[in-house]
Amino acid sequence: MKVSPSLLAANFANLLPDIEMINSSDADYLHMDVMDGVFVPNISFGFPVIKSVAKLCKKPLDVHLMVVEPEKWISAVADAGGYLMNVHFEACRHLHSTIQLIHKAGMKAGVTLNPSTPVSMLVDIIADVDLVLLMSVNPGFGGQPFITNTLKKVRELRALIDMSGSKALIEIDGGVNEKTGKDLSEAGADVLVAGSYVFGADDPHSRISILKSL
Ligand code: DX5
Ligand code: ZN
């Protein structure tokens, strides 16, 4: 299993120790949540923070844009050091074009689905994306309980990917811990995002290793 710890649960008053913890861990990516207070009912951080973290972080940055019109920010994410840019299906008027522009900017492209958006909406874009991020909570806040219907969506997405020959990875975000992570692994997930489960622990390295072993 690949693991992408979510910076949203880190100590914003002193990020350096948390970034060093990520660097010395088995994590595969660092997940960074950008919110605009419009697409989601919260505001987190923006490009100056991503840029500063990118200079210190040795893991590829998995940037999750929870904003309206994410296509406006493609070059900003690339310039800040993004490796993968996740845009919400619900926020894109021209998703195919946005995916093409993300690739043109030199990044991997991910499409994200809210809990109520069916996997079937991806039929005509699955071949073009590098990753699908399924939200297993309503986006905007860390520490929420896992929505179990996500397991059904993971199985449907696995079937769609296998049928289409797409190489897209399946990433899950929200309420991930060792129990939900195990269920997600059995359902066919490739990448687990985890905020409070990792950063809320006394030994975050071991939490990352537990998720890695699933
Ligand atoms: C929520 C964010 C998540 C959040 C997950 O909108 O997209 O990445 O950090 O937090 P946990 O793992 O605590 O549910
Ligand atoms: Zn996220």
Side-chain angles (χ1 to χ4, degrees), residues 1-4 6 28-36 38-40 47 50 60-140 146-176 184-185 187-193:
M1 180 64 72
K2 292 183 194 293
V3 179
S4 191
S6 176
D28 297 274
Y29 311 95
L30 177 62
H31 187 84
M32 300 194 75
D33 292 300
V34 179
M35 305 178 189
D36 66 353
V38 179
F39 183 71
V40 288
F47 307 112
I50 297 178
L61 300 185
D62 158 24
V63 184
H64 177 192
L65 274 277
M66 281 166 273
V67 305
V68 296
E69 301 178 342
E71 66 278 2
K72 281 186 181 167
W73 309 110
I74 294 171
S75 61
V77 175
D79 292 347
Y83 166 77
L84 170 88
M85 178 166 169
N86 273 305
V87 294
H88 269 257
F89 174 86
E90 304 84 4
C92 291
R93 200 163 284 163
H94 298 288
L95 179 60
H96 187 271
S97 155
T98 301
I99 297 297
Q100 283 183 320
L101 290 170
I102 293 171
H103 282 145
K104 222 172 167 180
M107 295 183 287
K108 300 279 185 196
V111 60
T112 307
L113 299 187
N114 276 337
S116 64
T117 304
V119 163
S120 58
M121 300 307 281
L122 299 176
V123 169
D124 291 299
I125 197 70
I126 195 70
D128 300 292
V129 296
D130 302 294
L131 179 144
V132 177
L133 174 58
L134 295 181
M135 290 308 302
S136 41
V137 297
N138 284 294
F146 181 79
I147 297 171
T148 50
N149 186 60
T150 311
L151 295 171
K152 185 198 81 167
K153 291 177 76 176
V154 174
R155 288 190 287 269
E156 288 171 357
L157 181 55
R158 184 86 271 157
L160 175 64
I161 289 171
D162 293 347
M163 201 176 65
S164 66
S166 159
K167 300 238 178 344
L169 295 174
I170 301 178
E171 181 176 41
I172 313 298
D173 188 3
V176 168
L184 287 163
S185 168
D190 301 299
V191 187
L192 299 177
V193 175

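Only a predicted model underlies this, so the values are computations on that prediction, with no experimental measurement involved.
Atoms CG and CZ, on Leu65 and Phe39 in that order, are 10.5 Å from each other to the nearest 0.5 Å. Here the NE2 atom belonging to His88 is positioned 12.0 Å from the CG atom belonging to Leu95, to the nearest 0.5 angstrom. Here SG of Cys92 is found 9.5 Å from CD1 of Ile125. Values are rounded to the nearest 0.5 Å. Taking CG of Leu192 as the start and CE of Met1 as the end, the distance is 4.0 Å to the nearest 0.5 Å.
Using a 4.5 Å heavy-atom threshold, the side chains of Lys72 and Val67 count as separate. Side-chain atoms of Ile170 and Val132, non-hydrogen and from C-beta on, never get closer than 4.5 Å to each other. Using a 4.5 Å heavy-atom cutoff, the side chains of Phe47 and Val77 are in contact. With contacts defined as side-chain heavy-atom distances shorter than 4.5 Å, the pair Leu157/Ile126 qualifies. Inter-residue side-chain proximity for Val176 and Val193 is flagged as unmet; no heavy-atom pair is nearer than 4.5 Å. In this structure, the side chains of His31 and Leu133 come closer than 4.5 Å at one or more pairs of heavy atoms. Looking at heavy atoms from C-beta onward, Lys2 lies out of side-chain contact with Asp190 at the 4.5 angstrom threshold. Between Val34 and Ile50, the closest side-chain pair of non-hydrogen atoms falls below 4.5 Å.
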Pair Glu71, Ser97 - check side chain to side chain contact (heavy atoms under 4.5 Å, CB included), show working.
CA-CA 9 Å; Glu71 66 278 2; Ser97 155; over 6 Å; no
Output, in order, the C-alpha distance, side-chain angles, deciding distance and verdict of side chain to side chain contact (heavy atoms under 4.5 Å, CB included) for Met107 and Ile74.
CA-CA 9 Å; Met107 295 183 287; Ile74 294 171; 4.0 Å; yes
Test side chain to side chain contact (heavy atoms under 4.5 Å, CB included) applied to Trp73 and Val87, step by step
CA-CA 10 Å; Trp73 309 110; Val87 294; over 6 Å; no
Step by step, work out the side chain to side chain contact (heavy atoms under 4.5 Å, CB included) result for Leu151 and Leu184.
CA-CA 6 Å; Leu151 295 171; Leu184 287 163; 3.7 Å; yes
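Contact record, Asp62 with Ser4: OD2-OG, 2.7 Å, taken as the closest heavy-atom pair. For Asn114 against Pro139, the heavy-atom pair with the smallest separation is OD1-CG, 3.1 Å. Contact record, Ile147 with Val137: CD1-CA, 3.8 Å, taken as the closest heavy-atom pair. Looking at every heavy atom in both residues, Arg158 comes nearest to Ala187 through CB-O, 4.3 Å.
Applying the side chain to side chain donor-acceptor pair (under 3.5 Å) test to pairs two or more places apart or on separate chains, those with a residue in residues 117-137 are Glu90-Thr117, His103-Asp130.
Scored by the side chain to side chain donor-acceptor pair (under 3.5 Å) test, Gln100 finds no partners at all (sequence neighbours excluded). Considering only residues two or more places apart in sequence or on other chains, Arg155 meets the side chain to side chain donor-acceptor pair (under 3.5 Å) condition with none of them.
Here the rule is side-chain contact (heavy atoms from CB on, under 4.5 Å) with Leu131, and of Val111, Leu84, Thr112 only Leu84 fits it.
In this structure, the side chain of Asp173 does not engage the main chain of Met135 through any donor-acceptor pair within 3.5 Å. A distance-only check finds a donor-acceptor pair linking the side chain of Asp36 to the backbone of Val38 [under 3.5 Å].
A donor-acceptor contact closer than 3.5 angstrom links the side chains of Ser6 and Asp33.
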